[in-house]
Amino acid sequence: MTFEQIYKDIKTLKIQGATNVAKFGLKALKLKFDAPSIKKIQSARPTEPCLINAIKFAKETDVDTAFAYLSNMQKRTVLVGAIIIKNKQNVFTHCHSSTIVDSLKSAKDHKKKFKVYNTETRPLLQGRKTAKELARAKIKVEHYVDSAADEAIKNSDIVLLGADFITKDGDVYNKIGSYSISELAKKHKKPLYIITNSWKYSNKSLKIEKRDPKEIWDTNSENIKINNPAFEKIPRQNISKIVCELGALKPRKFLRKVHKTYPWIK
């Protein structure tokens with residue numbers, strides 16, 4: 001792939017999942033590692049701190065070292081995530097997270113039997129990608145429309161969500177719909193785990209990305225305005241633990257460990 005193709009695929013969401021975005025961003029910078037190229041790759045997905053932090057680490061070391069470190073972080077996170085998943089559980093998830101998919105596959109490889117409930121995740125239907133990947137791994141999936149999340153969560157034992165952005169307060173931004181899911185998990189007394197590597201952390205504020213309205217509905221009516229926010233906040237009070245390469249941690253403990261382990265993340 002060329003630099004321009006990777007940039008385009010990141011910007012148009014053909015490349016999905018914050019960790020995958022960071023990895024492909026590093027692959028692009030392996031091809032062109034200069035200030036304008038770095039700025040361009042960052043601009044393709046400005047709300048992804050994993051991408052920003054990976055580039056920071058690459059500038060301090062080199063692209064290959066950053067890619068290897070991120071890959072190892074991912075492997076450790078998946079191992080911790082697989083431990084969270086217990087035998088004979090029903091697991092709920094939303095959208096598409098490569099880390100969650102890999103954690104579920106790892107749990108299956110450890111002979112755990114479970115079923116996954118997931119939502120289609122409009123408007124781009126990333127949940128179908130999750131369902132297909134799990135089905136190929138011979139993991140049973142029950143697929144729901146987004147508005148049926150209450151029914152799915154009620155019948156689940158745990159809720160697993162990914163993260164695009166973790167704030168300095170321990171709140172998490174994830175795909176739109178995640179806040180409602182966190183409230184439903186609380187209502188049904190189901191533990192909610194955020195499974196992600198810790199490079200999703202940033203102490204900066206996040207401006208919610210507004211996606212193209214045509215992703216929802218290509219209408220020309222002057223009396224209809226389409227709103228298409230990409231993310232929303234899950235308050236830390238709704239989160240049982242953040243599961244990452246540093247362990248399965250309560251949000252405040254997660255923040256302390258990140259600050260100690262990666263003091264260069266700003």
Side-chain angles (χ1 to χ4, degrees), residues 1 6-7 9-30 38 41-59 61 63-85 93-107 118 121 124 126-127 129-130 132-134 137 160-167 172-175 178 193-202 206 209 230-231 234 239 241-249 254 257-258 261-262 264-265:
M1 295 177 73
I6 294 173
Y7 166 77
D9 287 353
I10 290 174
K11 190 170 182 63
T12 60
L13 294 187
K14 186 173 182 180
I15 297 171
Q16 297 179 9
T19 303
N20 281 337
V21 167
K23 285 183 174 180
F24 274 93
L26 290 173
K27 287 180 180 179
L29 295 178
K30 179 75 173 173
I38 289 171
I41 289 296
Q42 288 176 330
S43 72
R45 202 73 65 81
T47 57
E48 298 285 13
C50 189
L51 173 64
I52 306 303
N53 289 326
I55 292 172
K56 283 182 182 177
F57 195 68
K59 289 165 75 174
T61 56
V63 172
D64 289 335
T65 300
F67 190 92
Y69 195 91
L70 180 59
S71 296
N72 286 330
M73 288 173 71
Q74 190 73 358
K75 289 176 184 176
R76 292 196 298 272
T77 301
V78 165
L79 290 175
V80 181
I83 293 170
I84 295 296
I85 301 158
T93 192
H94 175 68
C95 199
H96 179 268
S97 161
S98 57
T99 311
I100 289 176
V101 168
D102 288 345
S103 294
L104 291 163
K105 289 179 180 178
S106 179
N118 86 316
T121 320
L124 297 182
Q126 294 102 316
K129 182 176 182 180
T130 298
K132 288 176 182 178
E133 289 181 1
L134 294 176
L160 306 181
L161 293 177
D164 286 272
F165 192 104
I166 304 174
T167 75
V172 170
Y173 282 87
N174 194 49
K175 179 66 178 180
S178 296
Y193 296 99
I194 304 297
I195 301 188
T196 183
N197 71 67
S198 64
W199 279 6
K200 307 287 181 68
Y201 170 79
S202 174
L206 174 67
E209 179 185 358
F231 310 109
I234 306 167
I239 298 170
K241 289 184 178 179
I242 297 174
V243 178
C244 64
E245 81 283 359
L246 303 174
L249 309 167
F254 167 85
K257 277 208 136 182
V258 168
T261 308
Y262 307 113
W264 51 269
I265 293 182

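Fair warning: this is a prediction, and the values are worked out from it, not measured in the lab.
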Please find the pair of heavy atoms, one from Val243 and one from Tyr193, that lie closest to each other, and give the distance.
CG2-CD2, 4.0 Å
Can you find a pair of side-chain heavy atoms, one from Ser202 and one from Phe165, that are under 4.5 Å apart?
yes
Side-chain heavy atoms of Thr167 within contact of Leu206, under 4.5 Å
no
Expected output: side-chain Ser106 to main-chain Asp102 donor-acceptor under 3.5 Å
no
Quick one, Ser97 and Leu160 - any side-chain contact, counting heavy atoms below 4.5 Å?
no
Qualifying residues under side-chain hydrogen bond (donor to acceptor under 3.5 Å, both in side chains), relative to Asp9, sequence neighbours excluded:
Gln5
Is there a side-chain contact between Ile52 and Gln42 (heavy atoms, below 4.5 Å)?
yes
Given side-chain contact (heavy atoms from CB on, under 4.5 Å), test Cys244 with Lys257 step by step and report yes or no.
CA-CA 11 Å; Cys244 64; Lys257 277 208 136 182; over 6 Å; no
Measure across Ala248 and Val80 and return the closest heavy-atom pair with its distance rounded to 0.1 Å.
N-CG1, 4.1 Å
For a quick check under 3.5 Å, do Asn197 and Thr99 share a side-chain donor-acceptor pair by atom type?
no
Exercise: identify the closest heavy-atom pair between Ile234 and Ser178:
CD1-CB, 3.7 Å
Contacts of Phe67 that satisfy ring-ring contact (aromatic ring centres under 6.0 Å, His included) - sequence neighbours left out:
none
Going by salt bridge (Lys or Arg N to Asp or Glu O under 4.0 Å), name the pairs with one or both residues in residues 43-55, residues two or more places apart or in two chains.
Arg45-Glu48
Do the non-hydrogen side-chain atoms of Gln16 and Cys95 ever get within less than 4.5 Å of each other?
no
Any side-chain heavy-atom pair of His94 and Thr121 under 4.5 Å:
yes
Kindly give the heavy-atom pair with the smallest separation between Cys50 and Thr19, and that separation in Å.
SG-CA, 4.3 Å
Between the side chain of Thr65 and the main-chain N/O of Thr61, is any donor-acceptor distance below 3.5 Å?
no
Locate the shortest heavy-atom distance separating Ala54 from Ala66; write the atom from each residue and the value.
O-CB, 3.8 Å
Under a 4.5 Å cut-off applied to non-hydrogen side-chain atoms, are Ile239 and Ile242 in contact?
yes
Stepwise, does the side-chain contact (heavy atoms from CB on, under 4.5 Å) test hold for Leu51 with Ile41?
CA-CA 9 Å; Leu51 173 64; Ile41 289 296; 4.0 Å; yes
Please identify each residue that fulfils salt bridge (charged side-chain N to carboxylate O under 4.0 Å, His left out) with Lys30, with sequence neighbours left out.
Asp64
Do you see a donor-acceptor pair shorter than 3.5 Å between the side chains of Glu133 and His96?
yes
Crowding at NZ, Lys175 (>12 non-hydrogen neighbours, <6.0 Å):
yes
Nearest 0.5 Å please: distance from the OG1 atom of Thr261 over to the OH atom of Tyr201.
12.5 Å
With Tyr262, which residues qualify under side-chain hydrogen bond (donor to acceptor under 3.5 Å, both in side chains), at least two apart?
Tyr69, Glu245
Considering all heavy atoms of both residues, which atom of Phe24 and which atom of Ile6 are nearest to each other, and what is their separation?
O-CG2, 3.3 Å
Do Lys200 and Thr196 get their side chains close enough for a donor-acceptor pair, meaning under 3.5 Å?
yes
Just jot down the ring-ring contact (aromatic ring centres under 6.0 Å, His included) partners of Phe254, sequence neighbours excluded, or say none.
none
How many angstroms lie between NZ in Lys241 and CD1 in Ile195, if you round to the nearest 0.5 Å?
12.5 Å
Gap separating the OG1 atom of Thr93 from the CD1 atom of Ile100, nearest 0.5 angstrom:
3.5 Å
Approximate separation, where rounding is to 0.5 Å, of Lys105 NZ and Ile85 CD1
12.5 Å
Is the shortest side-chain heavy-atom distance between Asn174 and Phe231 below 4.5 Å?
no
